[in-house]
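Predicted model only: the values in this text are computed from it and were never measured.
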Amino acid sequence: MGSGDATSPVRAVVFDYGGVLTTSSRAALQSWMERESIRPETFSAALKEWLSRNAPPGTPIHRLETGELSPEDFNRTLAQRLRTVDDSPVAPEGLLQRMFAQLHSEPAMLDLVRVLRENGVRTALLSNSWGNDYPWDLLDGLFDPAVISAEVQLRKPDPRIYRLVLDQLDLPAAQTVFVDDGAPNVEAAERLGMRAVLHTSAAETRARFAELVPGVVQQGKEF
């Protein structure tokens, strides 16, 4: 749980998308590597260089998330770093789509969003986009606002993107909760005074919200 003011009422919850409102991103990527016989160490090396806490500014992932690098250019850049187990190259065409082909919406988390909204708690979306096609048919009407990194040229954990969401909600940080599956993103929210939940599963997050908004989210309730 984050370090925000626990005495303030929860007026809004800000949700990450991939890995929070969906099935596990890690599992989807593992499935992709197995399907295409990707050598895991080649992908891990790129992730470490481009997305770790110590990654320098402006890596290909950073630029993808802020919209400076197109998905097609990112596909080509990443494909050059990957090899299969038989040392073959990896096709760049549609690489991002193939990577996340097994990423699906998580009904229990979408139901949590609906329960919060039905009980007067506002909800927002804050997502670092990897050229995603968001399922707006499922998400429409669930978030106000929805902030996508590539559309605003900012990315988590930059504090400016959190402030942008807070400004659009017109709420102080202490009255909001942030939910994300990435520890650096959660820590950035906490530094701004938001309460934060590091998402590991729908059941765990629901249990946290049973504590945060008692009487609205019940830990034992089946959505």
Return the [atom1] to [atom2] distance between [X] and [Y], rounded to the nearest 0.5 Å.
X      : Y      : atom1 : atom2 : answer
Ile148 : Leu154 : CD1   : CG    : 13.0 Å
Met33  : Glu41  : CE    : CD    : 10.0 Å
Arg195 : Phe178 : CZ    : CZ    : 15.0 Å
Glu93  : Arg76  : CD    : CZ    : 8.5 Å
Ser127 : Ile161 : OG    : CD1   : 8.5 Å
Glu106 : Leu112 : CD    : CG    : 10.5 Å

task: Tell me, with the steps shown, if Arg114 and Asp111 meet salt bridge (charged side-chain N to carboxylate O under 4.0 Å, His left out).
output: CA-CA 5 Å; Arg114 295 186 186 99; Asp111 283 342; 2.8 Å; yes
Okay, side chain of [X], backbone of [Y]: is any donor-acceptor separation there less than 3.5 Å?
X      : Y      : result
Asn119 : Val115 : yes
Ser52  : Glu49  : no
Asp16  : Leu125 : no
Arg35  : Arg98  : yes
Ser44  : Pro40  : yes
Thr123 : Leu142 : yes
Thr176 : Ala12  : no

message: Just by distance, no angles: are the side chains of Arg155 and Thr66 close enough, under 3.5 Å, to form a donor-acceptor pair?
response: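 No.
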field: Side-chain donor-acceptor contact under 3.5 Å, Thr23 with His104
entry: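 No, because no side-chain N or O of Thr23 sits under 3.5 Å from a partner of the opposite role on His104.
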Can [Y] be reached from [X] by stepping across I, L, V, M, F, W or Y side chains whose heavy atoms are under 4.5 Å apart?
X      : Y      : value
Leu95  : Phe43  : yes
Leu139 : Leu103 : no
Met194 : Val152 : yes
Leu21  : Trp130 : no

Are any of the side-chain heavy atoms of [X] and [Y] separated by less than 4.5 Å?
X      : Y      : result
Leu169 : Gln175 : no
Pro56  : His62  : no
Leu171 : Arg122 : yes
His199 : Thr205 : yes
Ile61  : Leu47  : yes
Phe143 : Tyr17  : no
Gln168 : Val147 : yes
Val177 : Val14  : no

Can you give me the closest heavy-atom contact between [X] and [Y], atom names plus distance?
X      : Y      : answer
Ala124 : Val165 : CB-CG1, 4.1 Å
Val10  : Leu212 : CG2-O, 4.0 Å
Ser31  : Gln102 : OG-CG, 3.5 Å
Leu138 : Ser105 : CD1-OG, 3.5 Å
Ser25  : Gly19  : OG-N, 3.4 Å
Leu64  : Gly131 : CD1-N, 4.4 Å

message: Glu34 vs Gln30, test: side chain to side chain contact (heavy atoms under 4.5 Å, CB included). Steps then yes/no.
response: CA-CA 6 Å; Glu34 291 173 358; Gln30 183 64 38; 3.2 Å; yes
field: Name of the residue among Val85, Val90, Leu29 meeting side-chain contact (heavy atoms from CB on, under 4.5 Å) with Ile38
entry: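 Testing each of Val85, Val90, Leu29 against Ile38, the sole residue satisfying side-chain contact (heavy atoms from CB on, under 4.5 Å) is Val90.
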- request: Could you list the residues that satisfy side-chain contact (heavy atoms from CB on, under 4.5 Å) with Glu204, not counting sequence neighbours?
  value: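 Expected list: Thr200, Ser201.
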- request: State whether the number of non-hydrogen atoms from other residues, nucleotides or ligands found under 6.0 Å of Asp167 atom CG is greater than 12.
  value: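 Yes, CG of Asp167 has more than 12 neighbouring heavy atoms, counting only those of other groups under 6.0 Å.
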- prompt: Does atom CG of Asp133 have more than 12 heavy-atom neighbours from other groups under 6.0 Å away?
  reply: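 Atom CG in Asp133 is not packed in, count stays at 12 or less.
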field: Lys/Arg N to Asp/Glu carboxylate O, Arg63 vs Asp73, below 4.0 Å
entry: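 Here Arg63 does not pair with Asp73 in a salt bridge, since their nearest N and O are not under 4.0 Å apart.
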- prompt: Does the ring center of Trp32 lie less than 6.0 Å from the ring center of Phe100?
  reply: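 Trp32 vs Phe100: aromatic centres not under 6.0 Å.
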Pairs under 3.5 angstrom only: tabulate donor-acceptor contacts from the side chains of residues 179-187 to other protein residues two or more places apart or in another chain.
unit_1 : atom_1 : unit_2 : atom_2 : d
Asp180 : OD1    : Gly182 : N      : 2.7
Asp180 : OD1    : Asn185 : ND2    : 3.4
Asp180 : OD2    : Lys156 : NZ     : 2.8
Glu187 : OE1    : Arg53  : NH1    : 3.0
Glu187 : OE1    : Arg53  : NH2    : 3.4
Glu187 : OE2    : Arg53  : NH2    : 3.1

Worked check of side chain to side chain contact (heavy atoms under 4.5 Å, CB included) between Arg39 and Thr84: CA-CA 5 Å; Arg39 286 169 52 193; Thr84 66; 5.8 Å; no
